[in-house]
Amino acid sequence: MLKRSHNCGELRNENAGQEIVLNGWISKRRDHGGLIFIDLRDRYGKTQIVFNEELHEDAYKQIFRLGLEDVIGVKGVVVARPTEAINSEMPTGEIDVEVREIHVFNEAEPMPFNVNDRNSASEDHRLKFRYLELRTKELQANLKLRHESAQITRQFLHDEDFIEVETPVLMKSTPEGARDFLVPSRLHEGKFYALPQSPQTYKQLLMVSGFDKYFQIVKCFRDEDFRADRQPEFTQIDIEMSFIDQEDIIDLGTRLTRKLWSETINAELPEQFPVLNYYDALEMYGNDKPDTRFGMELQEFSEFVQQSEFYAFKSVLDNGGRVKAIVAPACAKYSRKIIDELTNFVKQYHNAKGLAWMKAGDNVLEGGISKFFPETIQKDIIENCKVNEGDIVFIIGDDAKVVFSALSALRLEIAKRENLIDPNVWAPLWVVDFPLVEWNEDEKRWDALHHPFTSPNFKDMDKMDSNPGEVRSLAYDIVMNGYEIGGGSIRIHSAELQAKIFTILGIGDDEAQEKFGFLMNAFKYGAPPHGGMAFGFDRIVMLLANCTQIRDVIAFPKTTSAISLMDESPANVDEKQLQDLHLEIIRAKS
RNA sequence: GGGGUGGUAGUUCAACUUGGUUAGAGCACCGGCCUGUCACGCCGGAAGUUGCGAGUUCGAUUCUCGUCCAUCCCGCCA
C-alpha cells in the first residue's frame, strides 16, 4: 500500500518540491476536463491534490471515475500554487500536491448524506449512518474535545493523589432511585444483575478499604425517559474522598471545573463559585439549577395581593399557596397574542391555571389585573420589584410547586425570546443545603432527595424524628448555565445512623439488610468519614462544545426512545438464548 | 403515561391552507463538455408505494382516525 508520509493538514509552502504520500477520503471533486482538483481529507485537515491529464495520464485516468468519500492513497510532489490560486481560508491553501501515482483502497457508494454539511440530513438519518456523521468536522471536534476533557480530568485527579479504580458493571439491583437495567443470570435461575446507576456503594466501600481518594470515569445506566441532556447510558466523573467535609469537595470540584474550562476552551472561571442554598435558589429562580446568566429573579408578591382586591390570588394564599412574579424588562410591547402564547406555555407544561400580567407605564401599572391593585400598591410594586416603564409583570398564584415550576420556565422562555442570555458568559454556582427527604404523597412516605446514604446536616439532628422534612442534608450540586453538571454529598459512615435513615425512609430492617447489608456491615469495621461527588461528563463536554444535546458529544448515542438507529438495538434474541437465561417473553394482549 | 412539532426522489425541502392535468427544485448520482478550481461552470438524464394502516370521496400527498418513527417538553430521572 501507499503509506502516508504526511497527514492532510500539515503541508505548507516549505514542503514545496518534496515527494510525499497522502492517505484519505475524497471530500470534494472539481473537474475541469483534463485537470481535476480533489480535496483529500483525514482527521487532521484537507489538502488539495491535482490530477493533470497532460503530466500524469495514468493517475488522471484512475481518478476520473472516482467520487466522493472514496478512500485513496496518492504519491506526488508538493508544489507552491500560483499566487492568484492561493486559498487563504485553508491552512494548506498555499500548496497543491501534483499526483503521479494513485492507489484506490476502497470505493464508496453514493453517500446517504453530505458529510461536508452536517445539516444536509435530519438527525435520525444521520444517527442511522452515525459512522458517517462522525466524519463531519463538528463531531470530529466534539470527540476530540471529549478526549481532551477526560485527559485533563485524569491528569488533575492523578496529580491530586487520586487513584482510579474500576468497579463492577454487573451489580445488585437497588430499590430506590431510577429504574435499573437488568441482566438475567444464566447460572442462577430467576436471578438478575443490574447495571449501575452509579458506582455509589462501591466507592463508599473503597473508602472503608482505605483508598481515601478515589475517582473513576465511568459509564452509568438509568432506565428512565430521555431528554436532550439525558441518555440511557452516560458517563460520570465519579469522585470520593475520606476525612473531608463539604468545603473540601466544593473546593476540589471548583478547581477541576476551572481547569477543564481553562484548558479546553480557554475560559477563566472565578476562583470561587457563588454558593446558593436550596431554598434561596427556589425562591429566586424557581428551581435548583438556576441559569444565573441573566436576572429576572422571582419576586415575592403575596404582600401586594393581600392589599389588593384580586380574590383569585387571595384565596390561593388562604389555601396555603404562593403568589410570585417576574418582571420582564421592556416587554410591555407584548401583544395579546404573545401573552396568550406564554399563558398556554405555563398552562400546558407546568399546570398553571393562568398567567396574570400588568404592564408598566409612567409610574403606574396598566392592563391585565392592574385594576385590582390600588394606585398606592402599584407604586409599592414598582418600587419593591424594581419595575421600569415599559416592563411587563407576570404573576402566578398557585401551589408552591406550580408557581416555582411555571415561573422558572417562563423566566427562561422570556430570556430566550428577548435574547437576554449572553452566550459568552459562564455562570457556575454551587447549590447547597438540599432537604434530606421529601414527602411522597403517592406512597405516603419520605423519599431521599439525593440518595439514602446522604448524611443529614448535624445541626438539624434534633428534627430528625419530629420534622424530617426540615432536616437539611450535606448534599450539593454544581450548576453551570442552568445545567446540573454534578452533585454529591457527605455520606453516612455509621451503621446506626444509616439504620435510622432507612427507618425514616420506610425501609425495614430486613429489606435494608437484604439490599444494603454489605454496606452496613462494612461500616462496622472501621469506616472513615467520607463524601464525594459525580460530574455528568457528557453534559460538561456538551457545554464546552457549545451544544445543546449530549448526543452531539457521544460517539454512538441512542434516541429518546432508547433505540440505536444504527445497529437497531434493542433487538430480539434467539429462543435458545432465552432458555439459557430461564426467560419467557409474555406478549401483552392487544 | 401525557402534550407540541415533523415524516413527500438517496438527501434537504416545495406542492397540502381551498382534494382534481404528468408531485417540483437544490445537493448527490449517471452521461457529455470544460486546464486553476476551492459552493467551479455549462448541457442532458435517471430517480417517488408521499412512513404504515383504515376511513370519507367519483377522486386523497392534501381531509379524518389509528399506528410507527424522530425530536422538544411535562411526568419520571435517589
Side-chain angles (χ1 to χ4, degrees), chain A residues 27-39 46-55 60 65 67-69 79 81-90 92-93 96 108-129 132 174-180 197-198 200-201 220-232 234 341 344-352 402 405-406 409 412-413 434 436-438 440 442 446-454 473 475 484 487 489 505 507 534 536 548-549 551 558-561 563 565 590:
Chain A
S27 179
K28 199 77 193 180
R29 173 193 159 109
R30 290 175 293 277
D31 182 348
H32 288 257
L35 185 69
I36 296 176
F37 298 102
I38 300 279
D39 291 338
K46 288 179 184 175
T47 298
Q48 175 164 280
I49 59 178
V50 187
F51 295 79
N52 193 318
E53 187 174 22
E54 286 174 4
L55 300 179
Y60 179 86
R65 63 185 172 85
L68 295 185
E69 301 301 318
V79 295
R81 293 193 197 179
T83 319
E84 66 277 11
I86 287 174
N87 185 343
S88 53
E89 309 272 294
M90 290 174 68
T92 60
D96 288 325
E109 289 190 11
M111 284 288 113
F113 65 97
N114 179 3
V115 301
N116 292 314
D117 177 12
R118 188 155 176 253
N119 295 319
S120 70
S122 61
E123 185 169 14
D124 55 332
H125 191 68
R126 285 182 273 130
L127 283 175
K128 188 172 174 185
F129 298 94
L132 297 181
T174 50
E176 294 207 14
R179 221 171 273 118
D180 283 324
Q197 297 175 29
S198 84
Q200 184 60 39
T201 48
C220 303
F221 306 86
R222 293 178 191 176
D223 188 4
E224 292 292 341
D225 288 350
F226 304 106
R227 290 283 198 286
D229 63 350
R230 275 162 35 190
Q231 282 271 307
F234 60 99
E341 279 172 23
N344 279 337
F345 173 79
V346 294
K347 276 184 174 176
Q348 193 176 345
Y349 295 127
H350 305 279
N351 290 322
V402 172
S405 137
L412 289 170
E413 176 65 22
F434 282 82
L436 183 69
V437 293
E438 186 180 41
N440 182 332
D442 296 337
W446 295 102
D447 281 347
L449 198 75
H450 186 56
H451 58 53
F453 318 112
T454 301
S473 64
E484 182 200 324
S489 62
L505 296 175
I507 300 173
T548 54
Q549 46 181 48
R551 289 189 297 274
K558 295 190 173 50
T559 67
T560 49
S561 64
I563 290 171
L565 294 176
S590 50

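Every chain is numbered from 1, with letters handed out A, B, ... down the list of sequences. Atom set for the values below is all heavy atoms of this structure, side chains included, hydrogens, waters and symmetry mates excluded.
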Residue-phosphate contact under 4.0 Å: [X] side-chain N/O, [N] OP1/OP2:
X      : N     : answer
A:Q549 : B:C72 : yes
A:S122 : B:U12 : yes
A:S120 : B:C27 : no
A:T560 : B:U71 : yes

How is [X] classified with respect to the nucleic acid when contacts are heavy atoms under 4.0 Å: base, sugar-phosphate, or nothing?
X      : result
A:R118 : nothing
A:R227 : base
A:E123 : sugar-phosphate
A:A178 : sugar-phosphate
A:K28  : sugar-phosphate
A:L449 : sugar-phosphate
A:S561 : sugar-phosphate
A:D447 : nothing

Kindly point out which of [options] is positioned nearest to the side chain of [X]?
X      : options             : result
A:R230 : B:C77, B:U35, B:C73 : B:C77
A:A228 : B:U11, B:C73, B:U35 : B:C73
A:L565 : B:A70, B:A28, B:G1  : B:A70
A:P82  : B:A70, B:C29, B:G36 : B:G36
A:L35  : B:C73, B:C77, B:G36 : B:G36

In whole Å, I'd like the distance from the [atom1] atom of [X] to the [atom2] atom of [N].
X      : N     : atom1 : atom2 : answer
A:E109 : B:A47 : CD    : P     : 19 Å
A:N52  : B:U37 : CG    : P     : 15 Å
A:L132 : B:C27 : CG    : P     : 21 Å
A:Y349 : B:G75 : OH    : C1'   : 13 Å
A:Y60  : B:C34 : OH    : P     : 9 Å
A:L412 : B:C72 : CG    : C1'   : 15 Å

| field | Test item: side-chain donor near acceptor, A:D39 and A:T47, under 3.5 Å | value | no
Mark yes or no for a side-chain to base donor-acceptor pair under 3.5 Å between [X] and [N], with no hydrogen or angle criteria applied.
X      : N     : result
A:D39  : B:C38 : no
A:R222 : B:C77 : no
A:D124 : B:G7  : no
A:R81  : B:C38 : yes

| If the C1' atom of B:A15 is compared with that of B:A25, how far apart are they to the nearest Å? |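 Going atom to atom, C1' in each nucleotide, I get 11 Å.
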| request: State, with a plain yes or no, whether a side-chain heavy atom of A:R222 is found less than 4.5 Å away from one of A:D180. | output: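 A side-chain contact is absent here, since even the closest heavy-atom pair is not under 4.5 Å.
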| task | State whether the side chain of A:T454 and the backbone N or O of A:A475 hold a donor-acceptor pair below 3.5 Å, judged by distance alone. | result |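 Looks like no, no N/O pair under 3.5 Å.
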| Where each residue is assigned the nucleotide of RNA chain B containing its nearest heavy atom, which of A:A121 and A:S405 is assigned the position nearer the 5′ end? | A:A121
| Under 5.5 Å between ring centres and under 30° between planes: does that hold for A:F37 against the base of B:U37? | yes
| message | Could you tell me the Watson-Crick or G-U partner of B:U64, where both distances fall under 3.5 Å? Say none if there is no partner. | response | B:A54
